[in-house]
2 protein chains.
Amino acid sequence: MAEDRPGTDGGMAWEGISPTLEDVAARAKVSTATVSRCLNAPQRVSERTRERVMEAVRALGYAPHFGARALAANRTNTFGAIIPTMENAIFARGLQAFQEELGRHGITLLVASSSYSPELEEEQIRTLIARGAEAVLLIGQDRTPESYTLLRRRRIPHVVAWTNARGEGPVSIGFDNRKAMAALTARVLEQGHRRLALVSAPRAGNDRARERAEGVSEAMAAHGVPPADLVLIETPYSITNGAEAFARLMARRPRPTAVLCGNDVLAAGALRQAREMGIDVPGEVSVTGFDDIELAEIVTPALTTVHVPHRAMGAGAARKLMALRNGEDVGASEELEATIVWRESLGPAAVG
Amino acid sequence: MAEDRPGTDGGMAWEGISPTLEDVAARAKVSTATVSRCLNAPQRVSERTRERVMEAVRALGYAPHFGARALAANRTNTFGAIIPTMENAIFARGLQAFQEELGRHGITLLVASSSYSPELEEEQIRTLIARGAEAVLLIGQDRTPESYTLLRRRRIPHVVAWTNARGEGPVSIGFDNRKAMAALTARVLEQGHRRLALVSAPRAGNDRARERAEGVSEAMAAHGVPPADLVLIETPYSITNGAEAFARLMARRPRPTAVLCGNDVLAAGALRQAREMGIDVPGEVSVTGFDDIELAEIVTPALTTVHVPHRAMGAGAARKLMALRNGEDVGASEELEATIVWRESLGPAAVG
DNA sequence: TTGTAGGCGTTATCAG
DNA sequence: CTGATAACGCCTACAA
C-alpha cells in the first residue's frame, strides 16, 4: 500500500503529509508561481486557471507554511502582546479589545505573559521577535534596558499601555495611576478616615503599583495626614493573598478604618476575609479596589473602585501600533481618564 | 553614516537589522554550521570556539528566525490549544497548568479562542497547523468533521479535554459532564425542590452544555419528577446574561424554587440579580453553579457547585500530547472525577 | 572539531 | 497571464 511519492499523478494524492505549493501546482498543472499568485493576488490570474488552482487547494487541504512565507515575504501579519498575567481577569477586557481591532485588519495576535518579571518579559520579547511579531504591546514602564534595546535594534514598533508616560521613551496609551489613586484616596479621607492601610502588589518592577502607592501618600499629605502613618502590605495579586493581607491588618491595634487595595482581586479577597471574620463592611471597615472588573459589582458589598478604560486602551494601542507599522506618525502619548465608581464598600469612618 | 553592509568587519555591526547566523559566524570567525551547533548541540563544539560564538551572539543580540528554523528542521517545539473563550476564567486554571507542564519541557504554547463556534475553531486549527503546532489541545467533542480530517491528515496528535469520550474518536481527558450534573441535581431534589430551572449555555456546538442538561433530566426522571417540567433557558456565558435569565425565571408563576446554572459565571449573575430583586438565596430560591472557579467562593451566598479538576486536566493533557508527539502510546481516554462542593446557595425547598 | 553545500516552502523578479 | 529562478535563514548530512 505504501506508494512512492505523490508525484504528478492526477489521482488522489497520498494523505498524511502536508501538501506544499508544489503539490497544488502539480495537481492544477500550473507552476508554483501561479499558485502563489492565486493566493496572494487573485486578480493577477485568469479566472479559468484560478478556479482550477483553488479546486486543487481544496482537494489537497493545502495551507501555506507560515514559516516559509515569513522567510520569503519578510512579513507575518502578526503582532505580539506581553501581559503580566493571565490568571485573573485584569487584562482580559483590554486584550480582547486589542485583539478585535487587530482581527478587523487581518492581523494575528500572539500573547505571552511575564508573571510580573522583567527578566521573563525580556525573554518573551525575544521569543515574539523570533516568531516574527511586527509590533508589540507592553504593559507599564518597568523593564530591563535590554528589552528596549532589542525592540529598537529590530525597529519594532511598540507601545506601552496601562500607564501614562510623559516625555521621551516609548509611546504610551493609558491613564495616570498616581492621579487616579490620589483621587480615590481623597474620597476616602473625605469620609473621615484617618487610619489608612494599602494592600499593594509588589512594587519592584511594577510602576503601576508604585504610582498607585504614591498616589495614596500624595493625597494623605494634601489632607494633612502624615503619609508615614500609612500601613502598607505588599502581596501578589490573588484573592487568597488579599484575604490574608486583610486578616493581618485586622490583627493590628488600632485597626485601620479603611483598606485600600491595589486592585479588585485583592479587594475581593479582603471582603471574603471580612465576612469570614464577621467584620462589617463598610460599617466597621471600608474597602476599595482598583480596575473595575466585572468582579467588582458581584461581590458583597459591591466595590468602590477606579474604573479603568480597558477597552479604550486596548483598541487605541492596536490602532497606534498599526499606524506605526505602516510608517505613519502617531504623535505623542495619549492620556485617557480613569474615573471613580462609588459603590457600597466605602462608607464614613466609624466615630472614634 | 549609512554604511554598506555589515560584511565581515570585526567592528561594531550596523544596528537596525536582525542579525543572522551568517552575521554571528562572521563576527566569531567560524562557519554558520558551527554557530548552529553551538545553539542546538553545544557539546559538539569545543569550549573555546563556543565561547567566542556565544560572545558574538550576545554582542549582536542574535535570535534565531523561528520560521527559518521550522523550515529547515521541520520542528517547532510548539503546541497549540483552542479554548472556547478567554473572556471569563473558566479555562484559565486548566490552561495555566497545561502551559506550565509544556514549559517544563521547553515547549511553547500558542493559544487561540473559538468563541464557541465550530467554524471558527476549524479556522483556528488551520492557523495553528500553518504556524507549526506539533500537537493540539481541544475542548469538548463538538466540531466540524473537517477539523478532525485536517488533524488526521497532517498526523497531528490531539487530545480533547473537559469531556469524557468513550469508544473511538480522539483520546480524551476529562470528566463526565452528564454524570456530574445528574449528581448535583440529585442533591437539589433531595432538598425537596420540585420546580427546577436550568440556565444553560447554548447547546448547539457545545457537548458539555448538552450533557449537563441531559444530566438534569436524567436525575429528575430517576426521582420521579417529569423532566418535561424543567424550565430551560439558553444564554451565552456571562454575568449579565445570568442575571437576565434569572430575572425572567423569577417572573414566572409559580416560580422555580431552584435555579441550576450551567456554570459559575451564570450563577454569579443570578445571585447578583437575586440581590437586586430582594430575593433571598437560598431562603426563597436555591442557586447552583458548575466549575468551582475562584468566583464561586467569593459571591454571597457562596455557590454550591461542581468542582472540576481543571489543573489535572491541563497537566494530563500536556503529558498525553507530549507522549503522542514522541510516538509513544497513551492508551485510552482518561476519566477524572468531578465532585460536588456544597456551599450556602443551596438549601431546602420552602414549604408549599 | 569544523566547514561545505543542498534543501526546507514560499515569494518576487524577471523574461517569455 | 504564466513560468523559471534566485533569494529568505537555518539545519544537517557529508567531507575534510
Side-chain angles (χ1 to χ4, degrees), chain A residues 5-6 8 13 17-54 56-57 60-78 126 129-132 134 154, chain B residues 5-6 8 13 17-54 56-57 60-78 126 129-132 134 154:
Chain A
R5 294 230 44 181
T8 53
I17 283 297
S18 298
T20 70
L21 259 198
E22 202 169 350
D23 298 330
V24 178
R27 186 180 233 265
K29 309 218 183 296
V30 294
S31 74
T32 61
T34 300
V35 179
S36 177
R37 273 189 292 259
C38 276
L39 268 33
N40 299 304
Q43 72 283 6
R44 301 182 54 79
V45 158
S46 83
E47 173 101 21
R48 275 180 35 73
T49 30
R50 197 191 330 160
E51 273 173 13
R52 234 176 42 249
V53 170
M54 288 320 227
V57 165
L60 264 40
Y62 168 81
H65 186 293
F66 177 81
R69 175 175 273 187
L71 200 51
N74 197 33
R75 66 184 162 65
T76 59
N77 277 333
T78 299
R126 271 183 225 284
I129 291 177
R131 282 183 176 272
E134 295 172 352
R154 306 305 228 292
Chain B
R5 294 231 41 182
T8 53
I17 283 297
S18 297
T20 71
L21 258 198
E22 202 169 353
D23 297 331
V24 178
R27 185 183 236 264
K29 306 212 185 301
V30 294
S31 74
T32 60
T34 300
V35 179
S36 177
R37 276 190 289 260
C38 276
L39 267 32
N40 300 304
Q43 73 282 6
R44 301 182 54 78
V45 158
S46 82
E47 172 101 21
R48 274 180 38 71
T49 28
R50 196 189 333 158
E51 273 173 13
R52 234 176 41 249
V53 170
M54 289 322 233
V57 166
L60 263 41
Y62 169 80
H65 186 293
F66 176 80
R69 174 175 274 188
L71 202 51
N74 196 33
R75 66 183 164 63
T76 59
N77 277 332
T78 299
R126 272 183 225 284
I129 291 177
R131 291 187 107 89
E134 295 171 353
R154 307 308 228 289

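Lettering follows sequence order; numbering is per chain, from 1.
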inquiry  = The criterion is side-chain hydrogen bond (donor to acceptor under 3.5 Å, both in side chains); which residues satisfy it with B:Thr32, sequence neighbours excluded?
reply    = none
Donor-acceptor contacts, no H, no angles, side chain residues 37-46 of chain A, under 3.5 Å, sequence neighbours left out:
from	atom 1	to	atom 2	distance (Å)
A:Asn40	OD1	A:Arg69	NH2	3.4
A:Asn40	ND2	A:Ser36	O	3.0
A:Asn40	ND2	A:Ser36	OG	3.4
A:Ser46	OG	A:Thr49	N	3.4
A:Ser46	OG	A:Thr49	OG1	2.6

ask   = Can you list the residues that meet the side-chain hydrogen bond (donor to acceptor under 3.5 Å, both in side chains) rule with A:Asn74, with sequence neighbours excluded?
value = none
key: Over all atoms of both residues, closest heavy-atom pair of A:Asn77 and A:Glu134   = N-OE2, 3.1 Å
message = So, using side chain to side chain contact (heavy atoms under 4.5 Å, CB included) as the criterion, who are the partners of A:Ala28 when residues are at least two apart?
response = A:Val30, A:Val53, A:Ala56
task = Rounded off to whole Å, could you give me the CG-to-P distance for the A:Leu71 and D:dA6 pair?
result = 17 Å
remark   = One would report the end-axis bend of the helix from C:dT1-D:dA16 to C:dG16-D:dC1, five pairs per end and rounded to 10 degrees, as 30°
inquiry  = Nearest whole Å is fine: how far is D:dC8 P from A:Phe66 CZ?
reply    = 19 Å
task = Please report, rounded to the nearest Å, how far the P atom of D:dG9 is from the CG atom of B:Asp23.
result = 9 Å
ask   = What is the minimum heavy-atom distance between B:Leu60 and B:Pro19, and which atoms define it?
value = O-CG, 3.4 Å
message = Please enumerate all residues that pass side-chain hydrogen bond (donor to acceptor under 3.5 Å, both in side chains) together with A:Thr20, with sequence neighbours excluded.
response = none
ask   = Sequence neighbours excluded, which residues qualify as side chain to side chain contact (heavy atoms under 4.5 Å, CB included) partners of B:Ala68?
value = A:Leu71, B:His65
ask   = Which letters describe nucleotides 11-16 of chain D, given B = protein heavy atom under 4.0 Å from base, S = only from sugar-phosphate, - = neither?
value = SB----
remark   = With sequence neighbours left out, the residues meeting side-chain hydrogen bond (donor to acceptor under 3.5 Å, both in side chains) with A:Arg126 are A:Glu122
remark   = Contact span of DNA chain C against chain B, any nucleotide atom under 4.0 Å from a heavy atom, 5' to 3', runs C:dT1 to C:dG9
request  = Quick one: closest heavy-atom pair of B:Ala63 and A:Arg154, and the distance?
outcome  = N-NH2, 3.8 Å
query = Can you tell me how far C1' of D:dC8 sits from CG of A:Asn74, to the nearest Å?
reply = 8 Å
ask   = Are side-chain heavy atoms of A:Arg131 and A:Thr78 found at a separation under 4.5 Å?
value = no
key: Gap between atoms CD and P, on A:Glu51 and D:dC1 respectively (whole Å)   = 14 Å
